[in-house]
Amino acid sequence: MPLFALVDCNNFYVSCERVFSPKLAGKPVLVLGNNDGIVVARSNEAKALGIPMGVPAFKYRDLIRRHDIQAFSSNYALYGDMSQRVMETLQQFSPEVEVYSIDEAFLGLTGFTHTNLTDYGCTIRATVKRWTGIPVSVGIAETKTLAKIANHHAKQSTESSGVFDLTTWPNRDTLLAQVPVEEVWGIGPAHARRLSRHGITTALALRSADDQWIRKQMGVVGLRTVQELRGFSCLPLEQCPPPKQGITCSRSFGKPVTTLAEMREAVAVYTARAAEKLRGEQLAASALTVFLTTNPFKNEPQYSNATTLRLPVATDATPELLRVALRGIEAMYQEGFRYKKAGVMLLRLVPVGQVQANLFDRADRERSKRLMKAIDSVNARYGTDMVRLAASGLTQRWRTRFTNRSQAYTTNWQELPLVNVQ
DNA sequence: TCTGGGGTCCTAGGACCC
DNA sequence: TCTGGGGTCCTAGGACCC
């Protein structure tokens with residue numbers, strides 16, 4: 001029988017901040033997303049004060065002040081590095097580890113029959129905490145979907161102390177009856193609404209749903225979820241991540257954009273950023289999508305559009321991608337709207353070494369490769385956008401605001417934490 | 001003033017092929 | 001009155017995830 005553990009970091013971004021600011025322990029803490037706009041992580045204390053996930057921070061400004069809640073800008077350099085430390089620590093506990101997201105990993109425990117799995121989970125938890133400072137929860141079950149539920153239970157219940165083994169739990173049905181259907185992995189708002197209209201409101205009810213009906217309503221994905229709830233594993237461990245299919249860079253604007261000149265600048269900045277990521281992954285793009293949209297939350301004229309364009313030859317050079325992206329945005333841009341967001345997606349990615357040449361290709365690819373390499377290394381050393389194309393403009397407008405970002409404690413020599421020794 | 005960003009997979013339908 | 005069947009590829013849209 002297959003067996004899985006889901007190891008999930010508790011309030012991950014907040015926990016990363018706390019590792020380097022221990023005085024935040026026990027206090028309400030938030031981490032905010034792009035331009036400090038919305039809440040992307042909350043400590044338990046902040047959850048208890050009633051701050052939901054994903055809400056705009058400005059709506060809770062009074063509450064934040066009243067309870068002296070610490071609100072950090074997000075610091076992805078720090079979170080990415082801390083994540084890597086956690087994932088490396090987990091490697092020793094199983095030969096099969098799937099890094100599922102920045103703060104979660106599935107461990108294959110199939111064959112660990114002579115181990116007390118609850119004890120094992122406690123060892124994992126204690127080791128990760130000691131080595132990285134990050135608290136985690138561990139859920140163990142026969143399928144990934146059930147391991148998710150077990151993990152959720154481990155986090156919520158006080159007596160499970162962060163580890164929960166569903167395989168030895170005597171009254172599974174009682175537990176599944178307490179899990180709302182929308183909390184099941186793979187059931188989003190749309191499915192949850194449809195299911196509840198048919199009286200299916202808990203994980204237990206979903207488990208006993210009719211296969212034909214599920215197949216028709218929710219496709220094969222939904223059917224897999226139901227089978228997984230029944231204990232039949234349909235979702236295997238994916239140990240080597242599949243190659244990336246697309247690279248996106250998009251942003252909401254701090255202030256609405258109302259001119260084509262500004263829109264061109266924004267698109268130029270996003271294209272440059274996406275192209276940088278592309279080169280970092282040693283990939284080239286053969287197609288590109290640009291999109292723009294107005295603010296759907298506002299009661300004003302709405303317009304959104306997207307264009308996909310092909311590159312004659314797959315490329316990773318910013319100037320080439322930029323020419324195409326600007327052509328796309330100019331074709332779509334309509335005067336008279338207040339634009340809220342735009343973005344660029346690089347698609348049909350191929351490894352740089354395997355680019356198919358084109359008979360009519362006139363570009364000097366060697367030269368542009370050297371140019372891109374020079375720009376990337378200058379920017380890596382002296383800071384983002386130190387060197388950039390003129391189309392990106394001279395203002396700082398398109399840079400994300402971080403009013404309260406912590407230091408890159410673990411990835412930048414200039415920002416190492418200092419310790420006073422008496 | 002202020003409502004995220006970056007992904008994946010599946011399905012249906014159209015175009016096209018023999 | 002009769003108007004194929006089977007296959008592939010591509011795209012757009014919808015659903016989900018963290």
Side-chain angles (χ1 to χ4, degrees), chain A residues 6 8-13 30-42 51-62 64 71 73-74 76 79-80 83 98-106 144-145 148 151-152 181-195 214-225 234-235 238 241-256 270 273-274 277-278 281 286-287 289 291 293-300 304-310 338 340-349 400-403:
Chain A
L6 174 63
D8 189 318
C9 301
N10 301 346
N11 315 327
F12 182 56
Y13 295 172
L30 299 176
V31 175
L32 308 179
N34 179 42
N35 288 321
D36 295 340
I38 64 154
V39 174
V40 294
R42 308 159 295 158
I51 299 180
M53 187 71 163
V55 291
F58 73 87
K59 283 193 178 170
Y60 288 84
R61 206 171 349 148
D62 286 348
I64 291 172
S73 308
S74 33
Y76 290 104
Y79 310 151
S83 170
E98 172 186 343
V99 177
Y100 176 70
S101 74
I102 193 162
D103 69 340
E104 288 169 75
F106 286 103
K144 284 181 165 182
T145 304
K148 275 267 184 187
N151 187 288
H152 198 71
V181 76
E182 65 270 18
E183 278 175 25
V184 174
W185 194 38
I187 306 298
H191 287 336
R193 234 174 296 124
R194 181 175 299 169
L195 287 167
I214 292 290
R215 174 73 179 82
K216 205 159 145 242
Q217 302 292 317
M218 295 157 57
V220 293
V221 182
L223 199 52
R224 273 202 286 261
T225 297
C234 307
L235 305 168
E238 312 274 1
K244 262 203 199 333
Q245 300 191 1
I247 289 175
T248 304
C249 181
S250 70
R251 290 288 124 80
S252 296
F253 307 132
K255 259 189 339 197
Y270 304 158
R273 191 78 66 250
K277 284 195 234 170
L278 188 69
E281 304 263 346
S286 10
T289 297
F291 64 88
T293 176
T294 48
N295 188 346
F297 293 99
K298 289 247 158 102
N299 188 16
E300 56 188 35
S304 60
N305 207 342
T307 314
T308 301
L309 299 133
R310 299 295 272 269
R338 293 157 60 80
K340 176 60 186 167
K341 183 176 180 176
V344 176
M345 299 160 77
L346 305 180
L347 304 163
R348 298 167 171 260
L349 308 182
T400 309
R401 251 197 339 258
F402 298 101
T403 50

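Reminder, nothing fancy here: chain letters follow the sequence lines and each chain counts from 1.
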Scan [X] against the nucleic acid and name what it touches under 4.0 Å (heavy atoms): base, sugar-phosphate only, or nothing.
{"X": "Val220(A)", "value": "sugar-phosphate"}
{"X": "Arg224(A)", "value": "sugar-phosphate"}
{"X": "Ile187(A)", "value": "sugar-phosphate"}
{"X": "Ile102(A)", "value": "nothing"}
{"X": "Val184(A)", "value": "sugar-phosphate"}
{"X": "Lys341(A)", "value": "sugar-phosphate"}
{"X": "Gly37(A)", "value": "nothing"}

To the nearest Å, give me how far apart [atom1] ([X]) and [atom2] ([N]) are.
{"X": "Leu346(A)", "N": "dG6(B)", "atom1": "CG", "atom2": "P", "answer": "11 Å"}
{"X": "Phe291(A)", "N": "dG13(C)", "atom1": "CZ", "atom2": "C1'", "answer": "15 Å"}
{"X": "Glu300(A)", "N": "dT1(B)", "atom1": "CD", "atom2": "P", "answer": "13 Å"}
{"X": "Asp36(A)", "N": "dG5(B)", "atom1": "CG", "atom2": "P", "answer": "12 Å"}
{"X": "Met53(A)", "N": "dC17(C)", "atom1": "CE", "atom2": "P", "answer": "13 Å"}
{"X": "Leu6(A)", "N": "dC17(C)", "atom1": "CG", "atom2": "P", "answer": "14 Å"}
{"X": "Asp103(A)", "N": "dC18(C)", "atom1": "CG", "atom2": "P", "answer": "9 Å"}
{"X": "Glu238(A)", "N": "dC17(C)", "atom1": "CD", "atom2": "P", "answer": "17 Å"}

For the side chain of [X], starting at C-beta, report the closest nucleotide among [options].
{"X": "Trp185(A)", "options": "dC18(C), dG6(B), dC2(B)", "answer": "dC18(C)"}
{"X": "Pro189(A)", "options": "dG4(B), dG5(B), dC16(C)", "answer": "dC16(C)"}
{"X": "Ser252(A)", "options": "dC2(B), dC18(C), dG4(B)", "answer": "dG4(B)"}
{"X": "Cys249(A)", "options": "dG6(B), dC2(B), dC18(C)", "answer": "dG6(B)"}
{"X": "Arg251(A)", "options": "dG4(B), dC2(B), dG5(B)", "answer": "dG5(B)"}

Nearest 0.5 Å, what's the [atom1]-[atom2] distance between [X] and [Y]?
{"X": "Ser73(A)", "Y": "Asp36(A)", "atom1": "OG", "atom2": "CG", "answer": "3.5 Å"}
{"X": "Leu349(A)", "Y": "Ser286(A)", "atom1": "CG", "atom2": "OG", "answer": "7.0 Å"}
{"X": "Asn151(A)", "Y": "Asp8(A)", "atom1": "CG", "atom2": "CG", "answer": "4.5 Å"}

Where do Thr225(A) and Trp185(A) land on the side chain to side chain contact (heavy atoms under 4.5 Å, CB included) test, with the steps shown first?
CA-CA 8 Å; Thr225(A) 297; Trp185(A) 194 38; over 6 Å; no

Over-ring placement of Lys341(A) relative to Phe253(A), 6.0 Å and 45° cut-offs
no

With a 4.0 Å cutoff (strictly under), does any side-chain N or O of [X] reach OP1 or OP2 of [N]?
{"X": "Lys277(A)", "N": "dG6(B)", "answer": "yes"}
{"X": "Lys298(A)", "N": "dC2(B)", "answer": "yes"}
{"X": "Ser250(A)", "N": "dG4(B)", "answer": "no"}

N/O to N/O distances under 3.5 Å, protein versus nucleotides 7-12 of chain C:
residue	atom	partner	partner atom	Å
dT11(C)	OP2	Arg348(A)	NH2	2.8

Between Thr289(A) and Thr308(A), does any side-chain donor sit less than 3.5 Å from a side-chain acceptor?
yes

Nearest-angstrom distance, C1' atom, dC18(C) to dC2(B)
24 Å

Is it true that Lys144(A) and Glu238(A) have a side-chain N and a carboxylate O under 4.0 angstrom from each other?
no

Would you say the rings of Tyr270(A) and Phe291(A) are close, in the sense that their centroids are separated by under 6.0 Å?
no

By nearest-nucleotide position on DNA chain B, the 5'-leaning member of Val221(A) and Lys244(A) is Lys244(A)

Residue met sooner reading DNA chain B from 5', once Gly246(A) and Tyr76(A) are mapped to nucleotides
Tyr76(A)

Given the rule in the side chain to side chain contact (heavy atoms under 4.5 Å, CB included) test, do Phe106(A) and Val99(A) qualify, once you have shown the distances and angles that lead to the verdict?
CA-CA 7 Å; Phe106(A) 286 103; Val99(A) 177; over 6 Å; no

Report the C-alpha separation of Arg338(A) and Lys255(A) in whole Å, then their side-chain angles, then the decisive distance to 0.1 Å, and conclude whether the side chain to side chain contact (heavy atoms under 4.5 Å, CB included) test is met.
CA-CA 9 Å; Arg338(A) 293 157 60 80; Lys255(A) 259 189 339 197; over 6 Å; no

Stepwise side chain to side chain contact (heavy atoms under 4.5 Å, CB included) check, Lys244(A) with Ile247(A)
CA-CA 8 Å; Lys244(A) 262 203 199 333; Ile247(A) 289 175; 3.8 Å; yes

Quick one: the dot-bracket string of DNA chain B, using Watson-Crick and G-U wobble pairs with both distances under 3.5 Å, [ ] for crossing pairs and | for bases paired to another strand.
....||||||||||||||

